[in-house]
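Presented below is the structure to which this report refers.
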Amino acid sequence: MLGFTRLLNFLANLIMTISVFALIVGGGYYLINRPYFNISQVSLLPSKGNALNHISPASIQSTINAGIDGNFFTADLNFLKEKVENLPWVRNVEINRVWPNKLVLTIEEHEAYAKWNEDMLINTWGELFSGNRDELPEDIAYPQYYGPDGSEKLVVQRSGELATLISPLNMSIKEMYLSDRYAWRVVLDNGIELVLGRDGGAELVDPYGGQQQAINFAQNVKRFVSTWPMLLDRIEDRKISKIDFRYTKGFAITFTPEIIPEETDKK
């Protein structure tokens, strides 16, 4: 009899505990799903040291509205982060909740460094991104790079090396080409084309081996820089159109053909 009484007390306490738990869960569910907690405010902030020059607040708001499924408590911020980072010019975004119905997005915008192939851009981290080239500032001459898929980081690395090496000549890169066989060709801002040959340091990404008869990239550029003053003295008024460095002990120069105006017979 005593054991039966204890069993009844245990069952009564268990039912009471379950009822209280269900009441708390039900009340909590009711509370967190009130319209008061629906996301009604979205604020955009630039990340530290960054500026939002190309990102439209309207496009961010539209993406949030279309992607949000839930409220302050239940919104999937990782899902929203993925959606926002798929927008043009957005490199990274951190999303935080602010009580009781607000989201704050701290956005890092891509900073364009160069144009890549036909329609892509490269940022200052050497990463590809899509963005409207017409939005680039007109007062900045962005170089145009071309290369095989997956070679953008190598091209950015080599362009930085080249820019440093030719800086004493007050020249800059206008176009830079990396062929499918990992050979370099560069057009400078003064119109001179440099044919630099195969890249001996690209063997990790070069499907053709890179080391076979490869000519060192930096060595060729240094040769160009060291010989440039001498070339200026010797070429006089002639204009160089191309310098081919695919030789072990020298280089070949192509001059721009001179245009001699035809004399007309005077009547």
Side-chain angles (χ1 to χ4, degrees), residues 28-157 159-160 163 172-176 178 189:
Y29 180 81
Y30 174 82
L31 179 63
I32 67 175
N33 284 281
R34 294 298 84 205
Y36 177 71
F37 297 110
N38 290 341
I39 300 299
S40 59
Q41 300 181 65
V42 176
S43 295
L44 305 184
L45 296 175
S47 63
K48 186 177 180 180
N50 199 251
L52 303 182
N53 298 317
H54 304 284
I55 294 173
S56 164
S59 65
I60 298 292
Q61 185 68 61
S62 175
T63 301
I64 293 293
N65 292 342
I68 197 166
D69 184 17
N71 58 17
F72 178 83
F73 297 100
T74 61
D76 186 344
L77 299 191
N78 288 330
F79 177 76
L80 291 178
K81 173 182 172 70
E82 182 180 348
K83 287 292 185 182
V84 173
E85 288 181 345
N86 283 333
L87 294 174
W89 294 100
V90 178
R91 181 174 186 264
N92 181 62
V93 60
E94 297 295 332
I95 306 178
N96 295 290
R97 296 178 173 91
V98 176
W99 181 267
N101 52 16
K102 183 178 180 179
L103 295 179
V104 175
L105 281 66
T106 304
I107 298 177
E108 178 187 2
E109 188 175 273
H110 286 289
E111 185 177 349
Y113 172 75
K115 301 173 184 178
W116 178 254
N117 287 340
E118 300 303 326
D119 55 2
M120 298 294 289
L121 295 167
I122 300 178
N123 65 18
T124 51
W125 294 84
E127 302 165 338
L128 290 183
F129 72 98
S130 62
N132 187 353
R133 293 187 178 187
D134 293 336
E135 297 179 12
L136 294 173
E138 295 182 355
D139 59 337
I140 299 178
Y142 292 92
Q144 173 70 61
Y145 297 156
Y146 296 93
D149 293 342
S151 65
E152 59 274 3
K153 289 186 179 297
L154 175 63
V155 175
V156 170
Q157 176 185 339
S159 69
S172 60
I173 301 170
K174 180 180 180 182
E175 298 173 0
M176 194 167 188
L178 179 62
D189 60 341

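Residues G126 and E152 share a closest heavy-atom pair of O-CG, 3.7 Å. Heavy atoms only, all atoms of each residue included: L105 and I95 are closest at CG-CG1, 3.9 Å. Here the closest heavy-atom approach between residue A51 and residue P46 is recorded as CA-CB, 4.2 Å. Between V155 and L178, the closest heavy-atom pair is CG2-CD2, 4.0 Å. Closest of all the heavy-atom pairs between L45 and V104 is CD1-CG1, 3.7 Å. Considering all non-hydrogen atoms of both residues, M176 and I173 come closest at CB-CG2, 4.2 Å.
In this structure, a donor-acceptor pair under 3.5 Å is absent between the side chains of N78 and E82.
Using a 4.5 Å heavy-atom threshold, the side chains of L136 and K115 count as touching. In this structure, L128 and L121 have side chains that are not in contact, with every pair of non-hydrogen atoms separated by 4.5 Å or more. A 4.5 Å side-chain heavy-atom check between L44 and I107 finds at least one atom pair inside the cut-off.
With values rounded to the nearest 0.5 angstrom, N117 atom CG is found 7.5 Å from S151 atom OG. For the atom pair CD1 (I55) and CD1 (I60), the distance works out to 5.5 Å, reported to the nearest 0.5 Å. The distance from atom CD of E109 to atom CG of L87, rounded to the nearest 0.5 Å, is 11.5 Å. Residue L77 holds its CG atom at 8.0 Å from CG of N96, rounded to the nearest 0.5 Å. Within the model, atoms CG of L103 and CD1 of I39 stand 4.0 Å from one another, a figure rounded to the nearest 0.5 Å. The structure places CZ of R133 at 5.0 Å from CD of Q144, a figure rounded to the nearest 0.5 Å.
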message: Let's go through S62 and N65 carefully: what are the C-alpha distance in whole Å and the side-chain angles of both, what is the deciding distance for side chain to side chain donor-acceptor pair (under 3.5 Å) to 0.1 Å, and is it a yes or a no?
response: CA-CA 5 Å; S62 175; N65 292 342; over 6 Å; no
query: Between K102 and S40, does a side chain to side chain contact (heavy atoms under 4.5 Å, CB included) hold up when you go through it step by step?
result: CA-CA 6 Å; K102 183 178 180 179; S40 59; over 6 Å; no
message: Working note: I64 + K83, criterion side chain to side chain contact (heavy atoms under 4.5 Å, CB included); need CA distance, chi angles, decisive distance, verdict.
response: CA-CA 8 Å; I64 293 293; K83 287 292 185 182; over 6 Å; no
task: Please report the C-alpha distance between E85 and N92 in whole Å, then the side-chain angles of each, then the deciding distance to 0.1 Å, and finally whether the side chain to side chain contact (heavy atoms under 4.5 Å, CB included) criterion is met.
output: CA-CA 6 Å; E85 288 181 345; N92 181 62; 3.1 Å; yes
field: Test side chain to side chain contact (heavy atoms under 4.5 Å, CB included) applied to V156 and I122, step by step
entry: CA-CA 8 Å; V156 170; I122 300 178; 3.6 Å; yes
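Residue pairs meeting the ring-ring contact (aromatic ring centres under 6.0 Å, His included) criterion with at least one partner in residues 130-152, sequence neighbours excluded, are Y146-Y177. Residue pairs meeting the ring-ring contact (aromatic ring centres under 6.0 Å, His included) criterion with at least one member in residues 106-129, sequence neighbours excluded: W89-F129, H110-F129.
Side-chain atoms of R91 never come within 3.5 Å of backbone atoms of E111 as a donor-acceptor pair (strictly under, hydrogens ignored).
A 6.0 Å sphere centred on NZ of K81 holds more than 12 heavy atoms belonging to other residues, nucleotides or ligands.
Partners of S47 under the side chain to side chain contact (heavy atoms under 4.5 Å, CB included) rule, at least two apart in sequence or in another chain, are N50, T106, E108.
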